[in-house]
Amino acid sequence: METRISHARVTQLVNLLQCCIDRKTHLSGKILHALILRHDFSSDIFLGNKLVEFYASCGKLQSSRQVFDHMPRRNTYSWNAIIGACCKGGLLREARNLFDGMPERNVVSYNTLISAFSRNDFEQEALDFYYLMKMEGFMPTHFTFASVLSACGGLKGLDQGRQCHAFVTKLGLDDNTYVENGVVGMYAKCGSIEDAIQAFNEISHPNEVSCTSVMSGLADTDHVEEALQMFRKMHEGGIRIDQVALSSILGVIARGVSGEVDPPKQHLGISANLYGQQVHTLVLKLGSESDVRVTNSLIDLYGKCINMTDAELVFATMQEVNVVSWNILIAGYGQIGQSDKALELLERMQLHGFKPDEVTYVGLLGACTKSGDIEAAHKIFCQMSNPSRISWNAMLSGYCQKGNYGEAIELFRQMQFQDVFPDRTTLAVLLSSCTGLWLLDFGKQVHAVSTRALFHVDLFVASGLVDMYSKCGKINLAKTIFDRMKERDVVAWNSMMGGFALHSLSLEAFTFFKQMQEEGIRPTQFTYASLVSSCAKLSALSQGRQIHGQISKDGSINDIYVGSALIDMYAKCGNIEEARKCFDNMPTRNVISWNEMIHGYAQNGCGLKAINLFEDMLKTEEKPDSITFISVLTACSHAGLADMAIKLFDLMKVEYNLEPLVDHYTCIIDALGRANRLEEAETLIEKMPCKHDPIVWEVLLGACKIHFNVDLAKKAAEKLFLLDPQNSAPYVLLSNLYAALGRWRDVSDVRKLMSDRGVVKDRGYSWIEFKNRVQAFMVDDVFMSVHNEAIENGIAPVTIKLRRKCITRSTGPGLPAIMYQDIYKALGVFNLLSHQDANSMTCENMMSLISGIYTNVLVQFLACKINLHEHTITETGLPICLQGIQCSNQYLFRKNVRSSVLFYAEGGGRSLEVDSPKLSRMTNVCAITGN
DNA sequence: GTAGGGTTAG
């Protein structure tokens, strides 16, 4: 009797407690607790369990724990209740300890833990518990799979996810809505959108959860348009649009605007604001404006649409605001570089009692960086008490974006002292700083660290490595890393193509461009800039024009770097009017554009125009830099304006505070040399800080050759023998000077000296654009091997007629043997052309042809053969594109200046840094034998 | 008694 009464009492109390749990009424529950104690019911396990649950539901974890600790007897439910309470309160470690110590577990114990770990972003731990559960012989339920599938999605663990899916089907649990949605969500999160859609289609009654999962999955895989359609279908199909769906669709639209989507779908950007307003209306209609997460998504979208007015408006009318809302606003202003507004918001939020968190500071850092105030960013960074890796990264990338590479590297050192470990972003930023400073050794260290941390296969890190190695001169290493990459995006391709362009591996650049388009990667302005620069290096005008056309269609034409590259390309192809047209059409110009145009005039022998343009530039905001002066000084020397060169040289030092580099001195020596002011040039060299740099002596020697000054030429050559013993240039130059004077004995003496000392003339390469293909020719290489390779590869070989006898007779006696060989080689190339299609030969083609070949004599010889238009020969006797290449190398490779100047000016034979195995691998290469 | 889809940053 007594027990029956107490049993009824207990049931009554349990029911009352359940009411308190449902309504989270703390006070009433506490009164019940008091009642339980007073009537000595505290030994009842069921009541004790309910009390644990009740306190947990009110967020009173401590009380929960107290009840549990004082229970005289406990069962599995009691343990599950306290574990659940800890999970609810976020004390996962505590929950785990309790789990480990409980005498007997059941499926619910596992499910509770799995769910909690999965929801708190500890997906791997959640899976570990799942595997443990199976090992201990517990059968997973639909509750288990709902969490486990979600964990697989969070880990992007497609394989584990598939295994779970299979197991679900095997157990026949695949008809549960939660599990079905779990499967869809898992595939969507893993990026396997086709599987997600298939799983979705197999659901008999999809609900708002299923639809939202697919929608987000579509957006994450750049199918923004389809994601929008999904939302429309959902709306029309009468499926409930809840707050999660609203928040998600706003995120989808925001994605379409923030440039994370391929360019063709970017038109969403234009209408995103409109879409935003439509969903905004829906939010109001459904009464969801009270949900912070929905309104936060809304202000985020307005912010991304650069519609800060509406963003502020929503913010002002929000019923509830949290830190995230403030952060979104700050990021919105940061994105448009309004750091003052962002800082003002920081003050406002603190005034309203909100404590800025890490995201706030990162947003502020971004705002300051964007507005260019990197010192302010650093100040904010210093105020942060314990910056996380993300904040360090934000600061590092701020420095890197502004070109403060040294600071970035220094900051990284500090980061290490603080024991903050780098991640992929850190390494990528660091690599780009190494690249900026050409710190190959440091870059290699970063490579080693990346490899150890297994980041070297990461898309961003690997692209950074490719860029670092190629910009630091290790193009083959760059290529190896590129080849080993598992996935490649447009940035990776751009890095590689930029490397090829930089190293004058233009044919590789073209091949890669084709390949990347075949793989469906859309080129960006960086791609085009590299490619156009490659065209420029080859003087490949028709390819250049084609690319120009594609650029105009693609909309990259207004890019400042693409524009500058086009100017360079046209100028190098001798098409100065078109270069100027590009320059005039540019919506904005920077110092690079000006330099490129001035340089273009200079290299095309339009010295005065270059100087005039330089004067125009001085009237604008843009300040000339070191390179501007190289261009304009080159112009002076080519135009024979030695005094002007000296005047500008002084201006540069005095007015613009620019320290003259070897290149500037070289220009001055060249200008004086061409003007036959050789003694003056010599005196100047002696006074120069860089008088031991071989290049200046080479230029002087070149000038001596033009003006037949044997004494000074000998002196310069002697100097070069000492400074650069393996350089063949002084021997060739000197020998050619003697040859020009008919001093054949001296010629053979120099040749003998050269061979005695083991100096070998480097090979030169020539190339030609013909029938829309760029063909490269290698001098002094084994013609037949390449020829055979071409046939093996199914490339139609081009016939080359060798008419040695004929040439020897036609040019007559008097020229040295070496000259015959050169002419013979050149004519080999010429015959190739004339044999194929002499009539269609354009002036540009011819310019391309001779740009790679030899001496003044030869140029004139060929010029009269094909009636080359008069204006293409400049006052110095060198063809336009020839000078262009000379200058282009000065621009990029200081080390090659010496060889290229000589090579092109005199036919010494040293050429660009092309390694022969690479060249012979080119499919469309032809080589011409010497001897 | 335990479950699924959502907001800010690099």
Side-chain angles (χ1 to χ4, degrees), chain A residues 14 18 21 46 49-50 52-53 56-57 76-78 80-81 83-84 87-88 106-116 118-119 141-151 153 176-186 188-189 206-217 242-252 254 288 291-301 303-304 322-332 334-335 357-367 369 388-398 400-401 423-426 428-429 460:
Chain A
V14 165
Q18 189 60 51
I21 291 169
F46 197 13
N49 294 351
K50 271 292 156 205
V52 171
E53 197 191 335
S57 74
T76 310
Y77 289 141
S78 327
N80 286 348
I83 290 172
C87 289
K88 207 171 262 167
N106 64 12
V107 183
V108 176
S109 329
Y110 282 95
N111 287 353
T112 308
L113 268 193
I114 293 173
S115 148
S118 171
R119 262 183 295 127
T141 68
H142 45 272
F143 287 109
T144 322
F145 283 115
S147 300
V148 165
L149 285 165
S150 158
N176 174 283
T177 316
Y178 281 94
V179 177
E180 285 173 326
N181 287 344
V183 171
V184 172
M186 180 272 294
K189 280 246 168 68
N207 64 7
E208 66 274 17
V209 178
S210 347
C211 293
T212 311
S213 292
V214 173
M215 200 170 76
S216 300
D242 65 359
Q243 294 161 345
V244 181
L246 285 170
S247 174
S248 304
I249 188 64
L250 288 164
V252 169
S288 295
D291 186 299
V292 212
R293 285 157 87 151
V294 171
T295 33
N296 281 348
S297 301
L298 193 57
I299 47 175
D300 181 50
L301 173 57
K304 293 221 165 87
N322 60 16
V323 195
V324 177
S325 330
W326 289 97
N327 290 348
I328 292 170
L329 266 193
I330 288 175
Q335 171 196 231
D357 64 6
E358 181 130 26
V359 182
T360 321
Y361 287 116
V362 172
L364 288 168
L365 282 182
T369 306
S388 77
R389 176 164 45 219
I390 288 171
S391 305
W392 284 95
N393 287 349
M395 192 63 234
L396 282 171
S397 94
C400 194
Q401 275 170 41
D423 67 354
R424 56 206 289 262
T425 310
T426 324
V429 172
F460 292 117

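Lettering follows sequence order; numbering is per chain, from 1. All values below were derived from every heavy atom in this structure, side-chain atoms included, with hydrogens, water molecules and symmetry-related copies excluded.
In terms of polar N and O atoms assigned as donor or acceptor, the side chain of A/D242 never comes within less than 3.5 Å of the base of B/dG6 in a complementary pairing. Interface remark: the A/D423 side chain does form a donor-acceptor pair with the B/dG10 base, using a distance-only criterion of under 3.5 Å. At a cut-off of 3.5 angstrom, the base of B/dG6 holds at least one donor-acceptor pair with the side chain of A/D291.
Across the protein-nucleic acid pair, A/L246 atom CG and B/dG6 atom P stand 14 Å apart, rounded to whole Å. Distance A/N106 CG to B/dT2 P: 13 Å, rounded to the nearest Å. The nearest whole Å value for the distance from the CH2 atom in A/W326 to the C1' atom in B/dT7 is 17 Å. The CD1 atom of A/I390 sits 9 Å away from the P atom of B/dG10 (whole-angstrom rounding). For the pair A/N176 CG and B/dG5 P, the interatomic distance rounds to 14 Å; values are reported in whole Å. Between the P atom of B/dT7 and the CG atom of A/L329 lies a distance of 18 Å, rounded to the nearest Å. Atom CD1 of A/I21 and atom C1' of B/dT2 are 14 Å apart (whole Å). B/dG10 atom P lies 13 Å from atom CD1 of A/I330, rounded to whole Å.
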Decide side-chain contact (heavy atoms from CB on, under 4.5 Å) for A/S325 and A/I328; before the verdict, give the C-alpha distance in whole Å, the side-chain angles of both, and the deciding distance to 0.1 Å.
-> CA-CA 5 Å; A/S325 330; A/I328 292 170; 5.7 Å; no

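Partner A/S248 forms a side chain to side chain contact (heavy atoms under 4.5 Å, CB included) with one of A/S213, A/S216, A/C211 and no other, that one being A/S216. Just one of A/L364, A/N322, A/T360 meets the side chain to side chain contact (heavy atoms under 4.5 Å, CB included) condition when paired with A/N327; it is A/T360.
Residues satisfying the side-chain contact (heavy atoms from CB on, under 4.5 Å) test with A/S388, not counting sequence neighbours, are A/E358, A/I390, A/S391. The side-chain contact (heavy atoms from CB on, under 4.5 Å) test applied to A/T177 returns A/E180, A/N181, A/N207, not counting sequence neighbours.
Within the 3.5 Å criterion, the main-chain N or O of A/V108 finds a donor-acceptor partner in the side chain of A/T112. Judged by distance alone, with hydrogens and angles left aside, the side-chain atoms of A/Q335 form a donor-acceptor pair with the main-chain N or O of A/G303 at under 3.5 Å.
Listed candidates were B/dT8, B/dT2, B/dA3. Nearest to the side chain of A/H142 is B/dA3. The side chain of A/A146 lies closest to B/dA3 when the candidates are B/dG10, B/dA3, B/dT7. Out of B/dT7, B/dA3, B/dT8, the shortest distance to the side chain of A/S147 is found at B/dA3. Of the candidates B/dA3, B/dG5, B/dT8, B/dA3 carries the atom nearest the A/Y178 side chain, counting heavy atoms from C-beta on. Of the candidates B/dA3, B/dT2, B/dG6, B/dT2 carries the atom nearest the A/N111 side chain, counting heavy atoms from C-beta on. Here B/dG5 is the nucleotide among B/dG10, B/dG5, B/dG6 with the atom lying nearest to any side-chain atom of A/A245. Of the candidates B/dT7, B/dG10, B/dT2, B/dG10 carries the atom nearest the A/A394 side chain, counting heavy atoms from C-beta on. Listed nucleotides B/dG6, B/dG10, B/dT8 differ in distance to A/Q243; the shortest reach to its side chain belongs to B/dG6.
When heavy atoms are screened at a 4.0 angstrom cut-off, A/V107 is found touching no nucleic acid atom at all. Among the heavy atoms of the strands, none lies under 4.0 Å from A/E358. Note on A/R119: only backbone sugar-phosphate atoms sit closer than 4.0 angstrom, heavy atoms only; bases stay farther off. Note on A/I328: only backbone sugar-phosphate atoms sit closer than 4.0 angstrom, heavy atoms only; bases stay farther off. Within 4.0 Å (heavy atoms only), A/T144 reaches no atom of the nucleic acid at all. Looking at heavy-atom distances under 4.0 Å, A/E180 makes no contact with the nucleic acid at all. Looking at heavy-atom distances under 4.0 Å, A/K88 makes no contact with the nucleic acid at all.
In this pair, A/F143 does not lay its aromatic ring on the base of B/dA3; centres under 5.5 Å and planes under 30 degrees do not both hold.
Regarding contacts with the backbone of B/dA3, a side-chain N or O of A/S115 is found under 4.0 angstrom from either OP1 or OP2. Between A/K304 and B/dT7 there is no side-chain N or O to OP1 or OP2 distance below 4.0 Å.
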